[in-house]
S.K.: 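Got a structure for you, written out below as structure tokens; questions coming shortly.
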Amino acid sequence: MAERDDEEREFDIRWADGAEEKEPSARARMLAARWKENPPQAQPFRPEPERLRRPRSPWASTALVFGCVAAVIVLLGYANFRAPF
């Protein structure tokens, strides 16, 4: 008999959504109680940068890359020069 009652009481999502009131979650109730006495401060979307650095010149970046490549070439040439001994 109990199985038959369960089949007749099929859950209907439309019936559940049509409820007049929904109880808020525990977290929502906790925050509402906390904010009633002490509302939250407004927060900026992004904080302001502390200080702005000057961007590096493209020529300085290029010189740095070419300097590193030249140093590697010289180092490899020195290693090949000393290798026969």
Side-chain angles (χ1 to χ4, degrees):
M1 197 74 171
E3 293 174 7
R4 194 166 200 189
D5 289 339
D6 289 340
E7 290 174 7
E8 291 175 6
R9 284 189 263 162
E10 184 178 331
F11 182 73
D12 186 6
I13 191 71
R14 289 173 290 171
W15 173 81
D17 287 340
E20 291 185 23
E21 290 187 28
K22 293 183 180 181
E23 184 176 336
S25 66
R27 178 160 175 78
R29 290 191 308 265
M30 182 216 33
L31 289 175
R34 183 185 300 170
W35 291 346
K36 191 178 288 186
E37 295 176 7
N38 187 13
Q41 300 285 330
Q43 296 292 325
F45 179 69
R46 290 190 178 130
E48 292 294 324
E50 293 185 18
R51 65 182 181 105
L52 296 175
R53 291 188 300 163
R54 261 187 19 203
R56 185 182 297 166
S57 166
W59 289 108
S61 297
T62 304
L64 179 67
V65 169
F66 282 135
C68 290
V69 170
V72 168
I73 290 172
V74 168
L75 182 66
L76 290 175
Y78 179 72
N80 285 337
F81 179 72
R82 293 189 44 99
F85 295 111

S.K.: Would you indicate whether R29, at its atom CZ, is surrounded by more than 12 heavy atoms from other residues, nucleotides or ligands within a distance under 6.0 Å?
M.R.: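 Atom CZ in R29 is packed in, count exceeds 12.
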S.K.: Linking I/L/V/M/F/W/Y whenever their side-chain heavy atoms sit closer than 4.5 Å, directly or via other members, would V69 and L64 fall into one cluster?
M.R.: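 No.
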S.K.: Please report the interatomic distance OG(S25) to CG(L31), rounded to the nearest 0.5 Å.
M.R.: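 Interatomic distance, S25 OG to L31 CG, rounded to 0.5 Å: 8.0 Å.
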